[in-house]
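Okay, so here's the structure we're looking at.
All values below come from the heavy atoms of this structure, side chains included, with hydrogens, waters and symmetry mates left out. For reference, positions follow the sequence shown, starting with 1. Every number for a ligand or one of its atoms is a count from 1 in the order of the listing.
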Amino acid sequence: MELVDRLLKGDKRAAARLISSVENEDERAAEVLRELYKYTGNTHIIGITGPPGVGKSSLVDRLTRAFRKKGKKVGIVAIDPTSRFTGGAILGDRIRMTELATDEGVFMRSMGTRGHHGGIAKATTEATMVLDAMGMDLVIVETVGAGQSQSEIWECVHTSILVEMPGMGDEIQALKAGILEIGDIFVVNKGDLAGVDQLVKELENVAEYKAMEQKWKPPVHVTIATEDKGTDEVVSSIEDHLGYLKESGEYQKREEERTRGEFTRIVQALLLKKAFAGEKSEKFDQLLKEIIEKKTDPFTAAEKLLEE
Ligand SMILES: Nc1nc2c(ncn2[C@@H]2O[C@H](COP(=O)(O)OP(=O)(O)OP(=O)(O)O)[C@@H](O)[C@H]2O)c(=O)[nH]1
Ligand SMILES: [Mg+2]
C-alpha cells in the first residue's frame, strides 16, 4: 500500500492523512492500521496532563525542542487542547508558528474529544500507532484534567507527567483524591508565581506515599515553561523513568496492560459499531421504543440487540 510505504519512510503528509481517516473512522483506516501494527512498539509514549491553563502545551513545546537537540524524533498528540476559560493557546498554533513546523523530526496533531466510537482513548491509541510506525522516538500526548476521569489515557502511556501550578487553593485536595495512581513525574510549572514551595511539599508527600508501594519515587520538578527553566531536569527524569521501566521489568508489564486496554477498546468499538450497523439500527430504535414504553428493560434489550 502506497500510503503505508510513505508513512514508514516518515512522510508527515501521509501521517496527517492517515490520522484523519482514523478520526473519520474511514474503512481504509482500519485496513492501514492492520498493516502498520507490526511496525509499532518502538516508541516511548509520554502522557502530560493537568488542570486547564497550567502550561502543559508550553512545556510540551520546551520538551520537544530539548529532545530534538538530542536527535530524537518527537510525535505530539494534543487532545482537546484549548480551554475556553484559560485562553490557553492551541498547541498546534504555537508549534506552527515556530521552526518546529518545518522540522521533519516533529509531527504534531490535535484531536477532538467527540465522535469516536470507543472514545478518545481509542483514537489516541490509533494516532499513537501511526506516529510509532513512522519512526518517532517519543510520542507525547497532552490531555486536560487530572484524576480518574482520565484514567483510561493512563493505560495508553509508559510515562505519565502531572503538571500543576501554584495558587490553585483547593485544587490540591481534589487532586490528592484522584491522582495517587497517576503521575510518574510531577511538575510544578509557573515557578515564577507565589506558592511554589507549598505545592512542591504537597507533591513530595504524594511521591513519598507512592514510593511505599512501588520502587519508582516520582521526582518533583519546578519549571518556568515560558522561560525554558527546568526543562532539562524534566527530560532527565523522563529518560530515567524509561530506564527504570526497562530494568525492573515494569516496561513489559505496562506493554501488556496497554495492549490489553487497546484490544478491549477495539472490541468495544467493534461491538458498538455492529450494534448500530444496517438493520440493527432499526432494531435499536424499535427496542428503544419498547424500553420507553416499559414493555421491556434495557438489559434484556441490549442482549437481544447483540444476539446472533
Ligand atoms: N507566568 C507563567 N506563565 C506561564 C508559564 N507557562 C505557561 N504560562 C502561560 O500560561 C498560559 C497557558 O499556557 P498553556 O501552555 O497554553 O497551558 P495549557 O495547560 O496547555 O492550557 P490548556 O491546554 O488550555 O489546558 C499561557 O498564557 C502561557 O504563556 C510559566 O511558567 N509562568
Ligand atoms: Mg494546552
Original post:
Which ligand 1 atoms are under 4.0 Å away from a heavy-atom of S57?
Top reply: 15 (O), 18 (P), 20 (O)

Subject >> Which of the ligand 1 atoms, numbered from 1, are nearer than 4.0 Å to a heavy atom of P52 >> reply: 25 (O)

If you measure every N/O of [X] against every N/O of ligand 1, is any gap under 3.5 Å?
{"X": "G53", "value": "yes"}
{"X": "V54", "value": "yes"}
{"X": "G55", "value": "yes"}

Original post:
Which one of K56, E227, M165, K190 has a non-hydrogen atom at the shortest distance from atom 11 (C) of ligand 1?
Top reply: K190

Ion pair [X]/[Y], N-O distance below 4.0 Å:
{"X": "K70", "Y": "D137", "answer": "no"}
{"X": "D11", "Y": "R6", "answer": "yes"}
{"X": "E250", "Y": "K253", "answer": "yes"}

**OP:** Decide whether R109 and S20 meet the rule of one side-chain donor and one side-chain acceptor closer than 3.5 Å.
**Re:** yes

Subject >> Under-4.0 Å heavy-atom contact with ligand 1, by part of D192 that carries it >> reply: side chain

Original post:
Is there an N/O/S atom in S57 at a distance below 2.8 Å from the Mg ion (ligand 2)?
Top reply: yes

Subject >> Residue from I19, T43, I76, L138 passing side chain to side chain contact (heavy atoms under 4.5 Å, CB included) with L131 >> reply: I19

Original post:
So, for C156 and I45, which heavy atoms are closest and what is the spacing to 0.1 Å?
Top reply: O-CG2, 3.5 Å

**OP:** Please report the closest heavy-atom contact between Y37 and T259, naming both atoms and the distance.
**Re:** OH-CG2, 4.1 Å

Original post:
Applying a strict 4.0 Å limit to heavy atoms, is E142 in contact with ligand 1?
Top reply: yes

Original post:
If you look at E142, which of its N/O/S atoms is nearest to the Mg ion (ligand 2)?
Top reply: OE2

